[in-house]
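Reviewing the structure listed below.
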Amino acid sequence: MVPIPSMKSLTTASHDNYGFHLGAELYLHRFMSTASMRKIEMVDLKAQYRKIKPEIDRTIQEVVDSAAFIGGKPIQDFADELEAYLDIERVVPCANGTDALQISMMALGLQPGDEVICPSFTYFATVEVIALLKLTPVFIDVNPETFNVEANEIEKAITPKTKAIVPVHLYGQSANMEEIMAVANRHNIPVIEDNAQAIGGDFVFSDGKKKKTGTIGLIGCTSFFPSKNLGCYGDGGAMMTNDDALGERLKMIANHGQRVRYYHDLVGVNSRLDTIQAAVLRVKLKHLDEYIAARRSAAGYYDKAFAGHPNIKTPFRAKYANHVFHQYTLIVSEKRNELADHLKANDIPAMIYYPVACDQQKAFEGKGRNAGTLEHTRWLSERVISLPMHTELDEEQLEHITKTVLSFYT
Ligand SMILES: *Cc1c(COP(=O)(O)O)cnc(C)c1O
């Protein structure tokens with residue numbers, strides 16, 4: 001793994017395209033006072049809804065009229081459409097991303113005491129389900145540039161008890177799945193991708209072939225939480241796999257272990273995507289690529305504004321991935337918390353994802369094992385800050401955000 005890089009070397013990281021185009025409408029915004037500027041949200045779901053309101057209102061009304069709130073036709077339609085979008089055999093919807101991870105681990109038949117290799121630098125849900133099933137999370141460090149786990153760290157943590165590997169495509173950029181799958185296959189260990197932050201992202205193999213994130217491991221898990229890149233208007237999640245028998249098992253476990261009603265072959269859970277959420281997702285899936293483009297465009301603006309800054313390191317863009325920017329996360333050299341306060345004082349929300357790594361959470365005392373010192377995880381926990389990132393950021397807002405960040409370090 002690369003040593004903790006100095007800020008100087010980090011600022012020279014290359015970026016792909018900036019891709020920010022100044023539309024005529026946005027151009028006019030520049031001459032308006034900031035007093036008239038739209039309020040900056042971390043995620044602006046209201047503005048996004050306004051643009052698709054007729055489609056959304058119509059589809060929700062149809063579900064209400066049909067009264068098929070559970071198990072309605074839009075659920076299977078959405079699963080079929082997501083299968084086509086992702087180019088995968090099976091999409092199994094469920095109630096949320098956390099359930100997707102839990103059901104996946106149940107379907108693999110993991111037993112108490114089995115070890116699951118995962119990052120500590122992730123959202124708590126990834127590792128919570130490991131503990132819930134009485135499995136042992138084995139925390140590995142992340143690469144401080146990509147924020148993701150790497151194959152060599154995974155390989156070092158493998159023991160005879162290792163029964164699954166859970167890479168997380170953090171902030172919307174794929175981990176190096178080609179290398180991770182090579183290690184996993186060599187040791188015959190299944191990979192569950194936590195794709196909650198990266199749906200729609202691509203991974204590019206060294207032969208140039210592309211696959212969607214979440215479709216490379218044995219199972220991919222995602223969340224449709226409203227603020228995710230493909231979000232519904234409540235809770236939702238899904239699992240995806242190319243293994244048909246496993247897909248059937250995932251579906252059964254999500255539905256009380258039954259294939260035929262009232263005949264329970266397995267002990268499962270009750271984890272359903274409801275019809276209204278599926279109907280909303282069918283509409284939003286059609287816009288997903290456009291939403292990703294909007295996020296990448298805002299990221300390009302940020303990249304340009306902060307390029308070469310001595311205190312600010314913009315997100316690394318891996319050659320093997322198409323970053324879908326669930327979050328736009330900076331690494332700052334100093335005064336991270338003061339910067340967050342400064343932004344808040346200027347009506348700009350900012351978030352720290354995540355201030356406390358999973359292995360240091362109170363809930364994990366005595367429950368996990370750290371493979372190594374997790375020095376990059378510690379280092380990042382003190383230096384990351386995520387700026388507003390969503391599909392509706394306009395030039396005026398981006399200018400205000402970047403100027404406010406830059407003014408803090410001068
Ligand atoms: C959001 C998220 C989850 C959990 O999804 P929910 O739908 O909120 O249960 C799991 N892992 C990661 C990395 C996430 O960002």
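Both ligands and their constituent atoms are indexed starting at 1 by order of listing.
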S223 N/O to ligand 1 N/O under 3.5 Å: yes
Identify, for atom 2 (C) of ligand 1, the protein heavy atom at the shortest distance, and state residue, atom and that distance. K228 NZ, 2.6 Å
Kindly say whether Q173 contributes a backbone atom to a donor-acceptor pair with the side chain of N148 at under 3.5 angstrom? yes
E392: which of K51, R50, Q48 passes side-chain hydrogen bond (donor to acceptor under 3.5 Å, both in side chains): K51
Which is it for T98 and ligand 1 at heavy atoms under 4.0 Å: side chain, backbone, both or neither? both
By number and element, which atoms of ligand 1 are closer than 4.0 Å to a non-hydrogen atom of N96? 7 (O), 9 (O)
For D235 and ligand 1, does the shortest N/O to N/O distance drop below 3.5 Å? no
Any nitrogen or oxygen of Q197 lying under 3.5 Å from a nitrogen or oxygen in ligand 1? Just yes or no. yes
Assess whether atom CG of D347 is packed by more than 12 heavy atoms of other residues, nucleotides or ligands within 6.0 Å. no
For T126, take its heavy atoms, then give the atoms of ligand 1 lying under 4.0 Å from any of them. 11 (N)
Does only the side chain of V168 get under 4.0 Å from ligand 1, or the backbone, or both, or neither? Count heavy atoms. side chain
Is there a nitrogen or oxygen of L101 sitting under 3.5 Å from a nitrogen or oxygen of ligand 1? no
Show me which atoms of ligand 1 lie under 4.0 Å from any heavy atom of A125. 4 (C), 10 (C)
Would you say Q397 and H400 are linked by a side-chain donor-acceptor pair, where the criterion is simply a distance under 3.5 Å? no
Minimum-distance protein heavy atom relative to atom 13 (C) of ligand 1: D194 OD2, 3.4 Å
Could an N or O of ligand 1 be found under 3.5 Å from any N or O of Y354, whether backbone or side chain? no
Could you go through the ring-ring contact (aromatic ring centres under 6.0 Å, His included) check for F124 and F364 one step at a time? CA-CA 10 Å; F124 189 67; F364 274 98; 5.5 Å; yes
Do Y85 and D80 have side-chain N/O donor and acceptor atoms under 3.5 Å apart? no
Salt bridge flag under 4.0 Å for residues D77 and R282: yes
Hey, can you tell me if H342 and F408 have their rings parallel, tilted or perpendicular (30° and 60° cut-offs)? tilted
